[in-house]
Amino acid sequence: MAALQAADKRSLESLFKTRVSFERRERTLYGHDIAEIPSMIKPLVGSTVPDAIVQPASEEELVALVRWAREHRTALTPRGRASSGYGGVLPVKGGLVVDFFHLSKLLEIDRATQTVRVQPGICWEKLDRELAKENLTLRLYPSSYPAATVGGWLAQGGAGFGSYESGWFRDNVVSARGVLADGTVREFSGSDLDLVSEAEGTTGLISEVTVKVMPKEELGVISIGCPDAHDLQLLVERIVKDRLPIWSLSFINPRMAEMKNRAPLRMHADHAVGERVLLPASYVMTLAFREKDRRRIDDVLPDLFKTCQAELLSDRIAHHEWDNRFEMMVVKRLGPSLVPAEVVIPLSSLGDMMAEVERKISQPVVKEGLVIREGAGGNPEVVILGFIPSDQRKFSYNFIFPLSLTVMKIAEKNGGRPYATGLYFAGKAGQILGRERLERLKEFKAKEDPSNILNPGKVMQGGVMASALSLGAAIEPLIRPLGNHVISKIGERPTQSVRDIPADVAWYAYTCSQCGYCVAECDQFYGRGWESQSPRGKWYWLREYMAGREKWDQQMVDTFLVCTTCEMCDTRCSTNLPIEPSWMKLRGMLINEEQRMTFPPFEMMAAALKSEGNIWAGYRKDRMDWYPADLKAAHPPGGKAKNVYFAGCTASYVEHDIGQASVRLLDKAGVDFVHLGKEENCCGTPMLVAGRWDLFAEIMKRNIELVKQAGADTVITSCPACDLMWRQYYPEWAKKLGIDYPIKARHYSEILAEQIKAGKFRFPESEKPVTVTWHDSCHIGRASGVYEPPRDVIQAIPDVKLVEMSHNREQAHCCASVLTLLKEPPVAADIGKVRLDEALAAGAEKILSLCPCCQVQLRVTAEKKGMPIEVQDLAHFAAATFGYTFPDPNPEVRKQWAVFEAFIKLLTPQGFAGLMGTMWPELIDAMPLGMGPMMHLLGKVPGTVSLMKPMFPVLFPRLLPLMLPKVLPTMLRRVEEQIEMPQYMREQMPDLMPKVMDRLMPHMIGDVVPLISQPMIDYLQGKS
Ligand SMILES: Cc1cc2nc3c(=O)[nH]c(=O)nc-3n(C[C@H](O)[C@H](O)[C@H](O)COP(=O)(O)OP(=O)(O)OC[C@H]3O[C@@H](n4cnc5c(N)ncnc54)[C@H](O)[C@@H]3O)c2cc1C
Ligand code: SF4
Ligand code: SF4
């Protein structure tokens, strides 16, 4: 198929606007799935980098796309969340990857028929959350529920949790719509579903699916230990025979239990947050059933146990296994790679199959099984997913990989088959799908897609790779000993850094299972919609970097920097990776150690912070302007007490209501506290996330010293970022730097909540009832685990109704403040809108928050997007009930943000080029060594200055540092003309601007020169 020409790209752009990407890096990230093919056989697959990625947003767009592809003879490879591992999503013939991310709406819930109509890109978790609102739930779902899409599962086919009762997914689909290769749309139902299910998009792009659902009922779970696979088989056979009312039946083998026992727990800061529940070294079977059926199951089980040596395991084990059912990939931490092997076998051969695997494969094979009560042909079947731990970076991976064929052969011998076709097992399509069905698919494909544009090379079209695997299966007994003789190490062992990537981060990059659980919930992803912004994309990029196929540039540095540090990914990761802390480590490496460029506005903040101790460029002398005069006697700024209230920069300089209301509440609560006074500094968060760790350490030391001088042992905060510093980062860094840190941090909401509970603090009756919702700021929620105290405060206020947004507490979405806001304000507004939409959907009149930065961001978003919701500070809201009045922060936020946004635009190559374009006379005159007059002269000789243009990239980096100081007064005047700033900022500009330019210019000059070259030539030639 032909490669894309410039005109093709233009036409795709006109069809999909910003929802098409031709970027090389992005394309690489859309060219793989979860499987890691060994180096020796990878060449057989060929290039899997698509020519472009398109993201249709409607069925009409899918139709237009298919027509376009047919006309341009371009292959289309559909992609849900790419959580499959059979190569179905690999664009083996180039062309376009069709990403269904924007086709992910829930269209209709029909309670009467208990069905739900959805777009194909909706993920199971999201769908289930929506169903729960209607008291419905899914009949079954894959164990990739947090990532996989409905369309992807239908196209791939499969079984999952709930399959014991509900069978294969296809049997739970009522109908599906698909866009065929000629652009017509067809509805598939009944036996015609065979034409799309397991067809992997080779016959049509699924545009809509109607799925059966069921009433949501309380589930009970029990786990059973069984020492032997034959006994396990016996037990399951009895459960099936006795028709026990089980909804889901899954199990793991003893190796998996052992590996789970060894896998690292989820960490937070420097401590484990996951619970270690040790599993016995046996088959651990977990049954999920409707709680109402518990008695029946309890009555029968003891009798069943008599047939085998099974034992009931503790409730703790059962709940732990069930609650962590999506995290089976955690064992990958010990690899860092896993060789997968997935098969379907009759239940009647479970024991023999397991025993034979143990006999023939010397490597540890960890297995997970799912039982289907009525599988193909109405008989019970078992899906077995096996993994062999290995290390893809080692050559021996090439030998261990073929052991998956051993598992397959054993399954076939025992009446089984491979799980799916995709790219790799297309040669087994007859076995997997059945001969008759395969013929029907082939006929349909030949008739409807004669040009073979829909997912070519898959399912029924075995290519070189499928043939190689068939050959491999034939000679499996010969190659098996190679794999069996490899000595595999098991355990997390990050030993050395790779290129400049720290050893632990390098290990995690290979550990990442590419499952995609972290993708859709990462605000950087859903704000932009591209894989490169997601944690999964970043890990994959790091692998490419470590393999020497990528290098750092400013775009990649920015991609890592722009992460909002929301920590959502850490809570979702199927392998418990410390993702956000890894990015934090890279910030330090990139900016602090390697001296690359951080986001330019941070340099302005850094300059202001150095001279005046705050990031808003206010004067230190004005830091206490907000402090209520009548509290100075009881809580003196600069005084001594056991508690210090730490206001932070934004409350001190922008949103005064936060600080004022917080101290009012603390005073009302009888807390003995002081304030550090004008000496208080920024907490340092912006410098930490900017990678300016030199400044962070400096500022931290000053703040710790001040608290010690105040004789305090507790810092009370209102700002979550300040809280995070005092609670977690300062102690960590203090330890690292050998500083004594006898300080603990508390948030004012924790103190109030305690007093409320103890009956010591009461709010007065309010004047009018109001419905509010609570925004869990990431830095006090996920980072510090303070979820309930603010809610306790709100609920203690009479006549206030608290409604929850659908993402709350640990799952709360980030507002997109600070990093995204500084880097790309329009993206920040898109992300912020997601949060405000949820608040409106919850029926809230106000969204309460306690974070100054969230409040700035949400206010800016509400204004930009015209959203009818008030953003208010919690302390302001709560203290107002006592009759206190506070300044409306909105005008100040608007004013100061406008200045900041203008600086964000100015501190870019385009901004600088524009600024320079306003001062050519001064710049040319400032050239050293009499070059200015010479340039003027050359400008008069036609064509001469243009001849010099190629020298500009070499010349200007040398000249500009000499020129800029001379033009500083003009530059400052121009900046003042462009940006309407407050007097105090204007006064400081002569000091701040040179510092900012000094830091930024060396990095930016390369991008600025091409932008100024022609305008300068035009000026010299008198054209402008
Ligand atoms: C941790 C983990 C657990 C898993 N557990 C299970 C499990 O329990 N059961 C199971 O069956 N699988 C499981 N899988 C595999 C995988 O998650 C499933 O196959 C899943 O359904 C794939 O969904 P997806 O959206 O990621 O599809 P993708 O992987 O993106 O695509 C799968 C196939 O469908 C095609 N496709 C995708 N969308 C469309 C569309 N709209 N129209 C036409 N074709 C399309 C693709 O081209 C590809 O061939 C697991 C994977 C992981 C990583
Ligand atoms: S911390 Fe938040 S923004 Fe950063 S990668 Fe994780 S989910 Fe995305
Ligand atoms: S970072 Fe974790 S959640 Fe994300 S793709 Fe990797 S393993 Fe999955």
Side-chain angles (χ1 to χ4, degrees), residues 124-125 128 137-138 140-146 159-165 218-229 231-233 235-236 239 244-266 272-291 293-294 297-298 301 304-305 308-334 338 350 354 365-372 382-387 513 515 517 571-576:
W124 289 105
E125 185 185 22
D128 205 19
T137 190
L138 301 165
L140 74 169
Y141 48 77
S143 42
S144 47
Y145 165 101
F161 291 108
S163 280
Y164 181 81
E165 183 181 83
E218 197 191 339
L219 281 187
V221 284
I222 52 175
S223 285
I224 297 165
C226 208
D228 173 82
D231 281 346
L232 177 74
Q233 178 186 323
L235 184 58
V236 180
I239 288 174
L244 275 196
I246 303 291
W247 173 67
S248 183
L249 195 162
S250 52
F251 62 86
I252 57 172
N253 73 338
R255 287 272 195 198
M256 178 68 119
E258 183 203 327
M259 297 267 284
K260 277 186 165 187
N261 288 343
R262 286 178 62 184
L265 292 172
R266 171 162 295 150
V273 286
E275 192 192 5
R276 171 77 69 203
V277 176
L278 288 177
L279 299 170
S282 64
Y283 286 88
V284 177
M285 176 167 81
T286 300
L287 308 177
F289 48 85
R290 291 172 188 83
E291 192 56 56
D293 295 324
R294 184 182 280 275
I297 293 161
D298 282 351
L301 275 185
L304 297 192
F305 288 169
C308 56
Q309 304 169 53
E311 57 165 345
L312 193 63
L313 301 176
S314 69
D315 273 358
R316 193 156 165 255
I317 290 183
H319 286 287
H320 187 263
E321 279 301 277
W322 186 248
D323 294 346
N324 293 286
R325 65 196 179 281
F326 304 128
E327 279 154 32
M328 60 188 184
M329 286 293 183
V330 76
V331 296
K332 205 165 180 292
R333 290 285 289 270
L334 308 174
L338 293 174
L350 177 63
M354 295 297 216
V365 187
V366 296
K367 300 188 207 86
E368 171 154 315
L370 280 164
V371 179
I372 305 162
V382 187
V383 176
I384 295 177
L385 175 57
F387 293 118
S513 67
C515 67
Y517 290 11
T571 68
R572 295 188 62 83
C573 183
S574 69
T575 46
N576 285 349

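Formation of a donor-acceptor pair under 3.5 Å by the Arg266 side chain with backbone atoms of Thr571 is found in this model. Remark: side-chain polar atoms of Arg294 are not paired, donor with acceptor, to backbone N or O of Gly220 under 3.5 angstrom. The main-chain N or O of Leu265 is never found under 3.5 Å from a side-chain atom of Asn576 such that the two would form a donor-acceptor pair. Under the 3.5 Å distance criterion, the side-chain polar atoms of Ser282 are left unmatched by any main-chain donor or acceptor of Pro227.
Inter-residue side-chain proximity for Ile384 and Met354 is flagged as met; some heavy-atom pair is nearer than 4.5 Å. Contact annotation: the side chain of Arg325 never approaches that of Thr286 to less than 4.5 Å [non-hydrogen atoms, C-beta and beyond]. Contact of the Leu244 side chain with the Leu287 side chain is not registered, since no non-hydrogen atoms from C-beta on lie closer than 4.5 Å. Annotation: side chain of Asp228 is not in contact with side chain of Tyr283 (no heavy-atom distance under 4.5 Å). In this structure, Met329 and Leu338 have side chains that are in contact, with non-hydrogen atoms separated by less than 4.5 Å. For the pair Val330/Asn324, no side-chain contact is recorded, criterion being any heavy-atom separation below 4.5 Å from C-beta on. Between Cys226 and Met285, every side-chain heavy-atom pair lies at or beyond the 4.5 Å cut-off. Taking 4.5 Å as the limit, some side-chain heavy atom of Phe251 sits within range of a side-chain heavy atom of Val371.
Partners of Asn253 according to the side chain to side chain donor-acceptor pair (under 3.5 Å) rule, which considers only residues two or more places apart in sequence or in another chain, do not exist here. Glu125 pairs by the side chain to side chain contact (heavy atoms under 4.5 Å, CB included) definition with Cys123, Arg129, Tyr145, Pro146, Arg572, not counting sequence neighbours. Listed by chain and residue number, nothing satisfies the side chain to side chain donor-acceptor pair (under 3.5 Å) test with Arg262 (two or more places apart in sequence, or in another chain). With sequence neighbours left out, Ser144 forms a side chain to side chain donor-acceptor pair (under 3.5 Å) with no residue at all. Residues passing the salt bridge (charged side-chain N to carboxylate O under 4.0 Å, His left out) test with Glu368, sequence neighbours excluded: none.
Atom OG of Ser513 sits about 8.5 Å away from atom CE of Met328, to the nearest 0.5 Å. Summarising the geometry, atom CD belonging to Glu291 is positioned 8.5 Å from atom CG belonging to Leu219; distances are rounded to the nearest 0.5 Å.
Residue pairs meeting the salt bridge (charged side-chain N to carboxylate O under 4.0 Å, His left out) criterion with at least one member in residues 310-321, sequence neighbours excluded, are Lys260-Glu321, Glu275-Arg316.
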